[in-house]
2 protein chains.
Amino acid sequence: MVMAINLIAGKWAIPVLWHLLLTEDPLRFTEIRRRVPPITQKELTKQLRLFEEQGLVIRKPRPTVSPHVEYEATPLGRSFYGALDILRLWMIEHVDEVQQPKIRNS
Amino acid sequence: MVMAINLIAGKWAIPVLWHLLLTEDPLRFTEIRRRVPPITQKELTKQLRLFEEQGLVIRKPRPTVSPHVEYEATPLGRSFYGALDILRLWMIEHVDEVQQPKIRNS
DNA sequence: CAGTATCCTTTAGGATACTG
DNA sequence: CAGTATCCTAAAGGATACTG
């Protein structure tokens, strides 16, 4: 459980993965960046490398005339859709009941 | 979705919440610590305060002869059980497919 | 276009000592 | 027993400049 949560920990993990799960098609680096503002190049690169290492996402360089790189969820990545969707539904149902902590104390 | 994940982000959030969800009974501070090693007093206090602020857990001081404090999941906290269980089941099913990243790069 | 490299600030979290 | 307070280190993450 903790391991599963670690996959989607980090500020940008869910937004990035979610966009890759919402489409059948691969997305280009720049396109992901456009859909997940305001993520920086550094953080997007880091997150994609991490997903790739973990096997949730596959990287596909396209050495065409206008060279670019596409990213796509693997079957393992796609198997995570249900868990994310449960979290999404829980949030929709309970968002109003959750109190926002003044400071995430320290 | 991101909001839901933030509730259970942090190193000790899931272990602490899970133990409170697995029992009907309130748990004492020291009992939680015993079940979630090796959490420090500081981190357990911080996490419980955070859950309390968010409305997932309720704090019940018992001013008895041997004074102590009990913690219990609220109905809102208990409503999170399903989401955590999905993550648990996903992990059980896919733990072997996930590659451990060498370094959680930076 | 899709990255690296570097510098910097903020936050998380551990260790330890102390207290009503 | 159930905390605070303090100090410290490590990790996360932002900003910016550079590159094959």
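All chains are named by letter (A, B, ...) in the order of the sequence lines, taking the proteins before the strands, and each is independently numbered beginning at 1. All values derive from a computational prediction rather than experimental measurement.
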So, is [X] close to the [N] phosphate, meaning a side-chain N or O under 4.0 Å from OP1 or OP2?
X: R49(A); N: dT4(C); value: yes
X: Y71(A); N: dG3(C); value: yes
X: K11(B); N: dG14(C); value: yes

> Taking all non-hydrogen atoms of both residues, which atom of L20(B) and which atom of R78(B) are closest, and how far apart?
Replying inline: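 Smallest interatomic distance, heavy atoms only, reads O-NH2, 3.5 Å.
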
> Which pair of heavy atoms, one from L87(A) and one from A4(B), lies closest together, and at what distance?
Replying inline: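 Closest heavy-atom pair between L87(A) and A4(B): O-CB, 3.8 Å.
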
> With a cutoff of under 4.5 Å between side-chain heavy atoms, which Ile, Leu, Val, Met, Phe, Trp and Tyr residues group with I86(B)?
Replying inline: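 Besides I86(B), the cluster holds I86(A).
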
Residues in salt bridge (charged side-chain N to carboxylate O under 4.0 Å, His left out) with [X], at least two apart?
X: R34(A); answer: E31(A)
X: R33(B); answer: none
X: R62(B); answer: E70(B)
X: E72(B); answer: K60(B)

>> Heavy atoms only, 4.0 Å cut-off, all strands: where does R62(A) land among base, sugar-phosphate and nothing?
In response: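 Counting heavy atoms under 4.0 Å across all strands, no contact is made by R62(A).
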
For [X] and [N], what is the distance between atoms [atom1] and [atom2] respectively, to the nearest whole Å?
X: I39(B); N: dA15(C); atom1: CD1; atom2: P; answer: 12 Å
X: L48(B); N: dA2(D); atom1: CG; atom2: C1'; answer: 11 Å
X: I32(A); N: dA2(C); atom1: CD1; atom2: P; answer: 9 Å
X: K46(A); N: dA11(D); atom1: NZ; atom2: C1'; answer: 9 Å
X: N6(B); N: dT11(C); atom1: CG; atom2: C1'; answer: 14 Å
X: W12(A); N: dG13(D); atom1: CH2; atom2: P; answer: 10 Å
X: E43(B); N: dT4(D); atom1: CD; atom2: P; answer: 13 Å

>> Of the options dA2(C), dT4(D), dC7(C), whose atoms approach the side-chain atoms of K42(A) most closely?
In response: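 The nucleotide sitting nearest to the side chain is dC7(C).
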
> Using a heavy-atom distance cut-off of less than 4.0 Å, which residues of residues 14-22 of chain B contact DNA chain C?
Replying inline: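 Nothing qualifies; none.
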
>> If you take any heavy atom closer than 4.0 Å to DNA chain D, which residues from residues 24-31 of chain B end up in contact?
In response: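 Only R28(B), F29(B), T30(B) qualify.
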
> What salt bridge (charged side-chain N to carboxylate O under 4.0 Å, His left out) pairs are there with at least one residue in residues 8-30 of chain B, not counting sequence neighbours?
Replying inline: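 Listed once each, the pairs would be none.
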
> How would you list all residue pairs meeting ring-ring contact (aromatic ring centres under 6.0 Å, His included) that involve residues 12-31 of chain B, not counting sequence neighbours?
Replying inline: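 Those involving residues 12-31 of chain B are W18(B)-Y81(B).
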
> Using Watson-Crick pairs (N1 to N3, plus N6-O4 or O6-N4) and G-U wobble pairs, both distances under 3.5 Å, which stems of at least 3 pairs involve DNA chain D?
Replying inline: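 Stems found: C:1-20 with D:1-20.
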
> Mind checking what makes ring-ring contact (aromatic ring centres under 6.0 Å, His included) contact with Y71(A), not counting sequence neighbours?
Replying inline: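 For Y71(A), no residue satisfies ring-ring contact (aromatic ring centres under 6.0 Å, His included) once neighbours in sequence are set aside.
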
> Who are the side chain to side chain donor-acceptor pair (under 3.5 Å) partners of Q99(A), not counting sequence neighbours?
Replying inline: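 Expected list: none.
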
